[in-house]
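Letters go in sequence order (proteins before strands), and every chain restarts at 1.
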Protein chains: 2
Amino acid sequence: MFYHPTGPGSTFVHRSVTLRGMTSSGPPPSVPYEASDGRTGLSLTSCTERRLRADAERNRTRLLEVAAGLAAERGAANVTMESIAAAAQVGKGTVFRRFGDRTGLMLALLDHHERQLQAAFLTGPPPLGPDAPALARLRAFGPAVMRHEHRHSDLYLAAQGAPDRRYSTSPHELRLTHITMLLRRTKVPGDVELLAHILLGFLDTGLVHHLLTQRGMCLERLEAGWNDLVDRLGART
Amino acid sequence: MFYHPTGPGSTFVHRSVTLRGMTSSGPPPSVPYEASDGRTGLSLTSCTERRLRADAERNRTRLLEVAAGLAAERGAANVTMESIAAAAQVGKGTVFRRFGDRTGLMLALLDHHERQLQAAFLTGPPPLGPDAPALARLRAFGPAVMRHEHRHSDLYLAAQGAPDRRYSTSPHELRLTHITMLLRRTKVPGDVELLAHILLGFLDTGLVHHLLTQRGMCLERLEAGWNDLVDRLGART
DNA sequence: ACATTAAACGGACCTCGGTCCGGTTGCCCT
DNA sequence: AGGGCAACCGGACCGAGGTCCGTTTAATGT
């Protein structure tokens with residue numbers, strides 16, 4: 001259970017100033033993933049934002065910088081919360097107040113990369129972006145995510161601490177919505193919502209990493225598998 | 001890294017005496033999941049078995065009993081290793097020497113249930129068992145696993161502590177082999193090995209639990225989704 | 001300027017998983 | 001029988017995540 005999770009501070013979907021976006025879900029377990037705006041059909045932040053105090057904002061930034069540095073130099077898995085606090089010359093409590101827990105911090109670290117990916121399939125060029133037909137986008141989506149996760153695998157791995165919390169993060173939520181939308185547009189038959197979950201299951205960081213490193217599969221094979229899967233699902237019954 | 005993992009003591013696939021089966025993989029990361037025997041095409045234990053000393057065996061049994069009791073009364077997630085040791089009147093070190101880590105203990109606890117499930121689809125009656133056509137078995141497999149995991153969800157959840165280790169457990173390995181075999185027999189086209197991983201991804205305890213409890217889906221829906229998926233994959237291109 | 005207050009701060013503290021090592025004991029071999 | 005030894009035992013110990021609470025401070029209103 002949490003103590004005072006002022007949200008992971010990750011807006012993820014906003015394109016505006018990175019300084020103010022503060023998701024502050026009150027009680028921990030409630031992640032209201034409803035909502036949707038007209039433009040992209042995607043919106044997550046629970047809008048109960050709360051401006052950070054100046055010193056808090058400063059600390060937050062410094063913490064993220066320091067954390068990124070440490071993660072880069074010794075691997076995300078080998079960075080302790082205490083070392084981050086120490087390196088940022090800040091009390092341990094401050095770290096936890098800001099990011100809730102280790103997962104939250106990692107998620108916040110990922111925020112930058114995540115935005116990049118999101119921009120790619122939300123507003124980027126075809127075949128990922130909105131100017132391509134839905135099926136093509138769907139096909140491109142898998143490989144894009146896989147490559148992305150593979151490139152930052154240590155961070156993504158470190159960001160999925162909890163066993164169940166894995167499916168309640170902003171990135172996951174967003175991908176889910178996106179994939180669902182694409183499936184709808186592709187007129188894929190069947191339980192679209194469920195299908196989206198299944199497809200995303202394939203893109204799970206842990207699984208991809210496992211297949212790549214333990215099973216000796218290569219990215220190309222996974223991509224081919226994705227395309228094949230999408231094609232077969234897309235076929236009308 | 002491990003210290004002295006005398007294996008989780010789970011044989012899982014053996015039907016013989018439960019007392020001696022001791023998988024003791026020397027170095028931790030090597031889980032040689034090769035092998036296969038003529039009868040079922042399934043075999044896992046790395047065969048470097050080592051008979052336990054009498055007192056060790058006694059302790060192991062008592063630990064499992066006690067652990068099961070505690071898990072039943074207060075939920076697997078709320079059982080600490082120390083409390084188990086204390087309740088079994090044994091030092092903490094003993095617990096870890098025997099089961100390696102928390103995950104190992106949980107896995108060992110699961111062993112019993114797991115055997116049951118395995119027996120069902122390895123030697124049980126149709127449609128799960130060997131006397132049914134492969135496609136029917138495949139269809140029956142998903143729901144069976146889902147129901148099973150759902151029934152013991154707290155244990156299964158607790159058993160997948162590590163982020164990556166999830167895909168290297170005996171149960172997972174066995175299911176993988178089984179599903180692969182069924183896919184082959186069903187003459188499903190495409191990358192069968194990869195498909196098996198994807199299908200198993202759907203059956204992931206965490207995902208099932210999430211869909212059931214957070215997304216408000218019901219078991220029937222998941223089962224229907226599984227059947228639909230299998231059917232569509234089975235269709236020839 | 002100053003009072004007020006909610007938010008932020010820091011670090012002592014707690015818990016729990018996991019490790020180490022000095023002492024003990026079951027097992028095998030002669 | 002008894003000696004040697006590997007396996008086993010217990011519990012002190014450690015590190016890391018997470019919490020609590022007394023103190024400080026930035027923002028806001030007068």
Side-chain angles (χ1 to χ4, degrees), chain A residues 1-9 20 22 24 26 28 48-63 67 70 74 76-106 158-159 161-163 165, chain B residues 1-9 22 24 26 28 48-63 67 70 74 76-106 158-163 165:
Chain A
M1 37 198 76
F2 273 172
Y3 171 48
H4 185 184
T6 319
R20 50 183 57 207
M22 283 287 90
S24 87
T48 326
E49 311 198 355
R50 187 180 308 265
R51 189 81 172 253
L52 280 188
R53 235 167 63 175
D55 52 348
E57 185 60 52
R58 246 188 336 262
N59 281 338
R60 184 182 131 84
T61 308
R62 232 184 30 253
L63 280 171
L70 290 180
R74 69 176 83 150
N78 303 318
V79 179
T80 71
M81 297 302 269
E82 200 143 19
S83 71
I84 294 175
Q89 307 204 340
V90 142
K92 204 182 185 180
T94 302
V95 185
F96 282 94
R97 187 175 333 98
R98 194 56 42 210
F99 301 101
D101 58 5
R102 186 185 166 77
T103 300
L105 212 204
M106 294 304 175
R165 208 170 199 67
Chain B
M1 39 199 73
F2 272 172
Y3 172 48
H4 184 185
T6 319
M22 283 288 91
S24 87
T48 326
E49 312 199 355
R50 187 182 306 269
R51 188 83 173 249
L52 280 187
R53 234 166 66 174
D55 52 348
E57 184 60 50
R58 239 186 345 256
N59 282 337
R60 185 182 130 83
T61 308
R62 232 188 26 254
L63 280 171
L70 289 181
R74 69 175 83 148
N78 303 317
V79 180
T80 72
M81 297 302 269
E82 200 143 20
S83 71
I84 295 175
Q89 306 202 339
V90 145
K92 204 181 184 179
T94 302
V95 184
F96 282 95
R97 189 177 332 99
R98 194 56 42 209
F99 300 100
D101 59 4
R102 186 184 165 78
T103 300
L105 211 204
M106 294 303 175
Q160 36 163 85
R165 208 173 198 68

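Using a 4.5 Å heavy-atom threshold, the side chains of R60(B) and F99(B) count as touching.
DNA chain C is contacted by both M81(B) and Q89(A); Q89(A) maps to the nucleotide lying nearer its 5′ end (nearest heavy atom per residue). Residue-to-nucleotide proximity on DNA chain C shows that, of V79(B) and A56(A), the 5′-proximal contact is made by A56(A).
Nearest nucleotide to the T80(B) side chain, out of dA8(C), dG17(D), dG17(C): dG17(C).
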Between protein and nucleic acid, restricted to nucleotides 11-14 of chain D and to nitrogen or oxygen atoms under 3.5 Å apart, what atom pairs and distances do you find?
residue, atom, partner, partner atom, Å
dG11(D), O6, G93(B), N, 3.3

When every nucleotide of nucleotides 23-30 of chain D is labelled 5' to 3' by its protein contacts under 4.0 Å (heavy atoms), B for base, S for sugar-phosphate only, - for none, what sequence of letters results? --BSS---
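Contact between T103(A) and A159(A) at its shortest, heavy atoms only, is CG2-O, 3.0 Å. The two residues R102(A) and A158(A) have their closest heavy-atom pair at NH2-CB, 4.5 Å. When all heavy atoms are compared, the tightest approach of R98(A) to A56(A) is NH2-CB, 3.6 Å.
Between N59(B) and dC8(D) there is no side-chain polar atom (N or O) within less than 4.0 angstrom of OP1 or OP2. Within the structure, every side-chain polar atom (N or O) of R60(B) is placed at least 4.0 Å from both OP1 and OP2 of dC8(D).
Spacing between atom CE of M106(A) and atom P of dA16(D) amounts to 13 Å, rounded to whole angstrom units.
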Show every donor-acceptor pair shorter than 3.5 Å between a side-chain atom in residues 78-87 of chain A and any protein atom, with sequence neighbours excluded, or say none if there are none.
residue, atom, partner, partner atom, Å
N78(A), ND2, R74(A), O, 2.9
T80(A), OG1, S83(A), N, 2.9
T80(A), OG1, S83(A), OG, 3.2
S83(A), OG, T80(A), N, 3.3
S83(A), OG, T80(A), O, 2.7

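The CE atom of M106(B) sits 12.0 Å away from the CD atom of Q160(B) when rounded to the nearest 0.5 Å.
With sequence neighbours excluded, the residues that form a side-chain hydrogen bond (donor to acceptor under 3.5 Å, both in side chains) with R53(B) are D55(B). Residues that satisfy the side chain to side chain contact (heavy atoms under 4.5 Å, CB included) test with A77(A), not counting sequence neighbours, are absent from this structure.
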